Every structure is written in C-alpha cells, then in structure tokens.
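Values in this document were obtained by computation on a predicted structure and should not be read as measured data. Positions are given from 1 along the sequence.
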Amino acid sequence: MQLSCSILKAEGIPVYRCVQYPREFVLVFPGVYRSGFDCGFNCSEAASFAPLEWLLHGQNVVELYCEQRRKTLLSYDKLLVGAAREAVRAQWETDLCMKSTSDSLIHKDAYQKNGFLIKALNSRIQSESLKRKFLCTSLVSQRMDENFDATCKRECSICLRDLHLSAIGCSCSDDKFACLNHAKDLCSCTWSNKILFYRYEISDLNVLCQALDGKLSAVYKWAKEDLGLTLNSVATKRSKQSPENVSGSIGPSQDLQMKEPISQTASDESSKGKRRQLQEILNSSKKKQNEVVLNSSKKKQNEVVSQVMRNSGGTHSSSY
C-alpha cells in the first residue's frame, strides 16, 4: 500500500525525496517507510542485507510483526543463532587452532566483547529464558527434531511468529504449533496434552554466548558438542611442527636447535598463552572422560557381583 505524501505531512511525519540515477545505490535504514515510482521504462532490483548492527533492530521488528499478525520474510532466530555459530567456528580456528582463514577474518568482528552480536544474542536468550521458566515447570519438554524447520519455516498458528528456537505442540495435531506467548490459545485440549519443543537448552545458549565473549573453554565446548570439531589432532600436529610443544615446554633435542636467542613479540606471548589454555582444556576433557569410564567400569563390576550373589541363592558349603 502506497500512501500520499500529503497524508504523511498532515500527520507531522517528515518526508524526503531522492532521485536515483543509473549505477547508484540508495540505502534505507531499518524502520523507514519508503515508496517510489519510475519515470519511464526501467529495470530495478532491490536486495535486503543485514549487517551485525541490524540485529538489535531485527528483534524489534519481529515483535512488531507478531502484534500485527504479519509474516516475517526470514527466520530471525535462525539468522541470529547461525551468525553466532559461524563466529564461534571462526574463533575456534583463530584462537584454538592458531590459524587464519578468509572465513575467520570475515567473522573476526562478530565475536568482539560487547559487540552487536553478543548484545542481540544475550537479549534473545533472556527473553526466551523468562518464557520457558514458567512453561517448563508445567509442561512436558522435548528436544526438537533437527529437521523441524529444515524444509519450511515453522510459524505460530496465532501470531505467525517464527518457531526456530521453541514451539508448543499438542497430541491432537502433528503440524499445528504455537509460540510460547500463545501456548493456551493453540487448541481446546487439556494443558497436560501440550508439549514444549526446544532446539537448545538455555544452558547451551549461555555457553554459546560465553564463547562469543571470548571464553576459550566455552569455545571448545560448543565447537565439540554442537559443531562436531575436535582439537586432539590439531594439538598433536602442532606439537610435531613447532619447536615448542603445546604445553610450552621444550625438549632436549629441541633445545639444541635453539642456541640463538629469538626475540619474542607480544603476539608470540599471546600464542603461548592460548596454547597453554588449549592444553589445560584438553587435559580437563580427558580427565572427565577417564572419570566416566572408571565410574562405568565400577558400576559394571558391582552389577556382576550382585548378579552372582542372587544366583547363589544364599547357599553355603562347609566341612566340619
């Protein structure tokens, strides 16, 4: 719908005119109403792109569209979480793998402390956490299937909100869902029939936020559990290639090769610190794995002993 400029001016809304010539771009900021017309035959193209600065505006747009029962063109939550995951992947490559690629350099600005991505993600996590805190205590919770919205964008049947992070379903229907705001409006079934579907637990999203904030243990945890990345092979490879192993100690054979003093720069010291942290993370992970294996072994031994005692039936043999 295109409004007349006189109507906008009558309401006190400022109106500006811009003439676009060939080979020129016109950038329109978020929240701006715009309209245009062609002065003759023309072939024009419009593209929507979202820099990191747009993310905070995007959340406001989502809430506004839900109030107006309007569909969004894309999934804001999918875009937000996807950007955060790629930023953590880049951080994993630069800070833990000690390598720089074109992709990691592109995403370098995304994981700066107090950056737009962290602010937007933290705001979204807080909003999601408050809603789930009430519903999780009274509803059955179930993790979403990873293909829940792979082929189509799932939307709330009431307000058309995107359901990438969470949704409310009911046993009466397999393809009808609602957002957390409209859980009671989904259908007339009893509350016990409703199910809360979630893609990530709030604790997982907090780890993602900590990883964006630069916590290496969180980067390692998210990269391993969500992205399926591992550092064992990277640490082994670097310990063989570098005259200094991952833990920072120098072997006797390596000491003979380093007779000449080498000036260490600030970046070298930073790399050493990251390698030490990497080794500490790996050691902590191996320790936890060993504890799990040990506990599992003890549990099996106890089960075998209990089974033998039950099979013996309490009979005894003795000679006098």
Side-chain angles (χ1 to χ4, degrees), residues 52 55 77 80-101 103-126 128-129 132-133 143 146 165 198-242 244-250 264 266-296:
L52 293 176
L55 290 173
D77 288 338
L80 177 63
V81 175
R85 294 176 77 246
E86 289 303 316
V88 172
R89 183 189 296 272
Q91 196 168 11
W92 179 83
E93 292 179 350
T94 55
D95 292 349
L96 295 182
C97 297
M98 308 297 178
K99 65 179 182 179
S100 296
T101 62
D103 290 338
S104 63
L105 293 176
I106 291 174
H107 294 90
K108 185 176 181 180
D109 294 336
Y111 52 83
Q112 291 182 350
K113 287 191 174 182
N114 298 322
F116 291 103
L117 182 56
I118 296 177
K119 291 180 179 179
L121 181 61
N122 189 42
S123 175
R124 184 66 185 91
I125 293 174
Q126 291 180 1
E128 184 75 8
S129 178
R132 288 195 201 179
K133 189 175 182 180
R143 186 178 291 273
E146 59 181 11
L165 280 184
Y198 63 90
R199 185 172 301 275
Y200 297 103
E201 293 185 3
I202 297 299
S203 58
D204 296 332
L205 294 175
N206 287 331
V207 171
L208 177 58
C209 200
Q210 292 172 2
L212 286 178
D213 202 32
K215 188 176 180 180
L216 291 184
S217 59
V219 174
Y220 173 79
K221 181 178 177 63
W222 184 268
K224 179 182 178 182
E225 297 180 358
D226 183 80
L227 302 178
L229 304 176
T230 177
L231 288 173
N232 293 327
S233 58
V234 176
T236 303
K237 183 178 180 181
R238 290 196 168 275
S239 64
K240 293 179 179 180
Q241 292 178 348
S242 175
E244 181 187 54
N245 61 20
V246 178
S247 63
S249 60
I250 300 177
Q264 298 293 334
S267 59
D268 295 331
E269 295 297 331
S270 177
S271 297
K272 288 182 181 180
K274 289 178 180 178
R275 287 173 184 172
R276 295 191 190 96
Q277 291 181 348
L278 167 59
Q279 188 62 41
E280 291 175 358
I281 292 172
L282 290 175
N283 292 339
S284 176
S285 178
K286 290 179 180 179
K287 183 178 179 181
K288 290 181 180 179
Q289 292 177 358
N290 293 335
E291 290 177 354
V292 171
V293 173
L294 181 60
N295 293 334
S296 178

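The distance from atom CG of Asp226 to atom CZ of Arg89, rounded to the nearest 0.5 Å, is 9.0 Å. Atom CG of residue Leu205 and atom CD of residue Glu128 lie 7.5 Å apart, to the nearest 0.5 angstrom. Between the SG atom in Cys209 and the CD atom in Gln126 there is a gap of 8.5 Å [rounded to 0.5 Å]. Rounded to the nearest 0.5 angstrom, Arg132 CZ and Glu201 CD are separated by 8.5 Å. Atom CG in Asn122 sits 10.5 Å away from atom CD in Gln210 (nearest 0.5 Å).
Nearest heavy-atom pair, Ala84 versus Leu121, reported as atom, atom and distance to 0.1 Å: CB-CD2, 4.1 Å. Nearest heavy atom pair, residue Ile118 against residue Leu212, reads CD1-O, 3.4 Å. The shortest non-hydrogen separation linking Ala211 to Ala218 is N-CB, 3.6 Å.
Residues satisfying the ring pair (Phe, Tyr, Trp, His ring centres under 6.0 Å) test with Tyr200, not counting sequence neighbours, are Trp222.
Leu229 places a side-chain heavy atom less than 4.5 Å from the side chain of Trp92. Two residues are said to be in side-chain contact when any heavy atoms from C-beta on lie closer than 4.5 Å; Val207 and Glu225 fail this criterion. Within the 4.5 Å cutoff, no side-chain heavy atoms of Val219 are placed close to those of Asp95.
Using a distance-only test at 3.5 Å, with no hydrogens or angles considered, a donor-acceptor pair links the side chain of Asn206 to the main chain of Ile202. Put simply, the side chain of Ser129 never gets that close to the backbone of Ile125: no donor and acceptor are under 3.5 Å apart. No side-chain donor-acceptor contact under 3.5 Å links Arg143 to the backbone of Tyr198.
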